[in-house]
There are 2 protein chains.
Amino acid sequence: MTNPRVTTAPRSGHSHTAEAILDVAERLVQTYGYNGFSYADIAAQLGITKAALHYHFVSKGELGVALLARYTDRFVAALDDADIQGFDAAAKLDRYGQLYLDVLQGGRMCLCGMLAAEYQTLPAPMRTAVLQFFDQNESWLATVLASGREDGSLRFDGSAEHTARVIVSDLEGAMLIARLHNDVDRFTAAIDRLLGSLHHPRRRKQT
Amino acid sequence: MTNPRVTTAPRSGHSHTAEAILDVAERLVQTYGYNGFSYADIAAQLGITKAALHYHFVSKGELGVALLARYTDRFVAALDDADIQGFDAAAKLDRYGQLYLDVLQGGRMCLCGMLAAEYQTLPAPMRTAVLQFFDQNESWLATVLASGREDGSLRFDGSAEHTARVIVSDLEGAMLIARLHNDVDRFTAAIDRLLGSLHHPRRRKQT
DNA sequence: GTCTATACAGCGATAGAC
DNA sequence: GTCTATCGCTGTATAGAC
């Protein structure tokens with residue numbers, strides 16, 4: 001510990017207030033969309049002024065990019081964690097579905113699923129970040145799928161990359177529709193069917 | 001034909017201009033979202049003023065409701081058409097996927113999929129209409145699935161209603177992600193996998 | 001780091017002439 | 001049915017004091 005003490009802020013390098021701003025903004029975007037909230041909404045919830053927000057994030061687009069960076073970092077960290085835990089491929093897939101479920105249970109849509117809908121209205125830097133989120137998700141899933149097919153814990157038709165894409169789009173769609181109906185069961189039913197179809201049929205459930 | 005001649009407007013009862021407004025607004029919502037366009041955008045594209053728009057649709061919410069009514073009517077008409085054509089259940093399912101593909105190939109997101117993302121920001125009458133769209137879709141699909149299982153052209157685990165929900169959410173998710181990447185192939189690959197898994201395995205394709 | 005104050009564009013919407 | 005003109009409000013963003 002010879003290094004000088006760094007701030008208590010996470011590796012993203014934001015101050016405590018900046019993190020609080022991101023927390024509120026994240027929830028607003030996941031609930032109302034990027035075009036459905038304003039600086040005034042954040043300011044009101046934090047009890048500060050709009051001007052103070054602009055000190056931390058000069059523009060709304062910059063805030064959006066920071067939002068995406070933090071969200072993607074956390075998501076990737078969760079995937080890395082699953083790798084480190086030494087789960088088998090099937091368990092990693094279940095863990096992936098659980099990540100989505102956690103978001104939905106908070107009453108939220110996936111940040112990047114929401115931004116995917118609004119993609120055509122986003123500033124270029126945000127667009128890039130949204131695409132990167134999905135690229136990283138699909139890459140991780142493709143690796144998991146390939147290893148799962150090799151060790152026999154998973155089975156699927158087509159390439160791992162292709163199947164990874166299907167998993168991502170199915171989960172995003174299931175979240176979107178489940179949140180619409182405020183019905184988490186719709187989501188769990190969808191992932192059970194999806195992940196069940198990928199698991200090696202040791203015991204297939206039939207209703 | 002003893003009835004007096006009615007207007008040439010479709011059964012929705014809108015004038016030619018109102019229909020033109022709906023055409024433009026529909027494309028704007030499907031591209032940028034309900035919160036991503038304004039009366040000024042429509043007016044500019046039609047070469048009229050914002051005030052003229054308010055004559056046809058008093059408020060934006062009213063325009064949104066009219067948009068949903070027309071879209072749902074057209075969708076239901078297409079489903080009715082599939083019923084009348086006497087397709088078997090598997091062919092009806094394919095037709096359903098084709099409807100989505102048609103929308104995506106126009107570079108658009110499903111109107112109601114887009115509005116599902118923005119659901120929390122919509123006025124109450126629009127929320128109701130969005131839910132009705134999905135209810136009608138799921139009901140039609142459930143009927144098709146049930147008859148398909150009976151006549152042997154389809155097979156699936158679980159209830160028809162449950163499976164119908166999965167089809168809707170998978171297709172909406174696939175549209176959302178395919179449009180994000182501006183890649184129609186992503187969508188066709190997803191529906192091929194989905195509908196292929198529902199078809200009776202006369203000839204299953206394996207890659 | 002937060003404030004007051006403000007600029008300025010855009011929004012949905014209305015009044016009233018034509 | 002469309003226009004000009006305008007209203008009131010909200011949006012993002014900035015200047016400058018504390």
Side-chain angles (χ1 to χ4, degrees), chain A residues 6-10 12-26 28-29 31-68 114-115 118 120-127, chain B residues 7-10 12-26 28-29 31-68 115 118 120-127:
Chain A
V6 292
T7 77
T8 55
S12 52
H14 294 300
S15 68
H16 171 75
T17 303
E19 287 291 330
I21 292 168
L22 289 173
D23 288 342
V24 173
E26 189 176 73
L28 288 170
V29 175
T31 306
Y32 305 110
Y34 183 74
N35 297 320
F37 84 101
S38 73
Y39 267 39
D41 297 323
I42 307 174
Q45 291 195 26
L46 289 178
I48 59 177
T49 62
K50 292 186 293 175
L53 292 182
H54 280 283
Y55 168 80
H56 295 281
F57 301 98
V58 177
S59 71
K60 194 181 181 184
E62 199 169 289
L63 171 60
V65 170
L67 228 38
L68 278 159
M114 182 67 87
L115 295 177
E118 300 178 291
Q120 296 295 329
T121 73
L122 301 179
M126 286 187 67
R127 292 190 185 189
Chain B
T7 78
T8 55
S12 53
H14 295 299
S15 68
H16 170 75
T17 305
E19 287 292 330
I21 293 168
L22 289 172
D23 289 341
V24 173
E26 188 176 73
L28 288 171
V29 176
T31 307
Y32 304 110
Y34 183 75
N35 297 321
F37 83 101
S38 72
Y39 267 41
D41 298 324
I42 306 174
Q45 291 195 24
L46 290 177
I48 59 177
T49 62
K50 290 189 295 172
L53 292 182
H54 280 283
Y55 168 79
H56 294 280
F57 300 97
V58 178
S59 70
K60 193 181 181 184
E62 199 169 289
L63 171 60
V65 170
L67 228 38
L68 279 159
L115 295 177
E118 299 178 293
Q120 296 295 329
T121 73
L122 301 180
M126 288 187 65
R127 290 189 187 189

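Protein chains get the first letters and strands the later ones, always in sequence-line order, with residue 1 at the start of each.
- The separation between His56(A) atom NE2 and dA13(D) atom P is 16 Å, rounded to whole Å.
- Residues passing the side chain to side chain donor-acceptor pair (under 3.5 Å) test with Gln120(B), sequence neighbours excluded: none.
- Smallest separation of non-hydrogen atoms from Tyr34(B) and Val29(B): N-CG1, 3.9 Å.
- Under the salt bridge (Lys or Arg N to Asp or Glu O under 4.0 Å) criterion, Asp23(A) pairs with Arg70(A), sequence neighbours left out.
- Every residue was checked against the side chain to side chain donor-acceptor pair (under 3.5 Å) condition with Thr31(A), not counting sequence neighbours, and none meets it.
- Going from atom CD1 of Ile42(B) over to atom P of dT2(D) covers 14 Å, rounded to whole Å.
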> In B/S/- notation, 5' to 3', how is nucleotides 5-18 of chain C contacted by protein heavy atoms closer than 4.0 Å?
Replying inline: B-----SBBBB---
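- dG1(D) atom C1' lies 16 Å from atom CD of Glu19(B), rounded to whole Å.
- Qualifying side chain to side chain contact (heavy atoms under 4.5 Å, CB included) partners for Ser59(B), counting only residues two or more places apart in sequence or in other chains: Glu62(B).
- Considering only side-chain N and O atoms, Thr49(A) lies nowhere under 4.0 angstrom from the phosphate OP1 or OP2 of dT2(C).
- Residues passing the side chain to side chain donor-acceptor pair (under 3.5 Å) test with Gln45(B), sequence neighbours excluded: Arg27(B).
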